[in-house]
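A quick write-up on the structure given underneath.
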Amino acid sequence: MAVWSCNPSDSGVQISPSGHVTVSQAPTSKKQIQIKATIGGAEGFAYLVLLP
């Protein structure tokens, strides 16, 4: 199973253990979020842009 994280961690974005992304609060300005998945020794990254 993958281990998920996002940066910045206080972005209002939550990631479930299955990888489902939920945005709990709208940003006041454009914000770029980096999402990272780690499986074993492999890492993958995705970027999400939140708009107000």
Side-chain angles (χ1 to χ4, degrees):
M1 182 179 286
V3 176
W4 299 90
S5 63
C6 65
N7 186 23
S9 59
D10 65 344
S11 61
V13 173
Q14 287 115 19
I15 307 171
S16 74
S18 64
H20 181 87
V21 176
T22 302
V23 180
S24 62
Q25 63 187 35
T28 56
S29 61
K30 182 178 172 182
K31 185 180 269 190
Q32 180 173 309
I33 310 297
Q34 180 189 57
I35 298 172
K36 177 175 138 181
T38 305
I39 302 174
E43 293 180 335
F45 294 91
Y47 294 90
L48 175 66
V49 177
L50 301 177
L51 301 173

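Note that the coordinates shown come from a computational prediction; the quantities given were computed from them, not determined experimentally. Note that these values count all heavy atoms, side chains included, but never hydrogens, waters or copies made by symmetry.
Proximity of I33 to P8: side-chain heavy atoms (C-beta onward) are separated by under 4.5 Å at one or more points.
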Which side-chain N or O atoms in residues 45-52 pair as donor and acceptor under 3.5 Å with protein atoms at least two apart or in another chain?
from: Y47; atom 1: OH; to: Q34; atom 2: NE2; distance (Å): 3.0

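Shortest non-hydrogen contact noted between W4 and S16 is CD1-O, 3.6 Å.
In this view, K36 and E43 satisfy the salt bridge (Lys or Arg N to Asp or Glu O under 4.0 Å) rule, not counting sequence neighbours.
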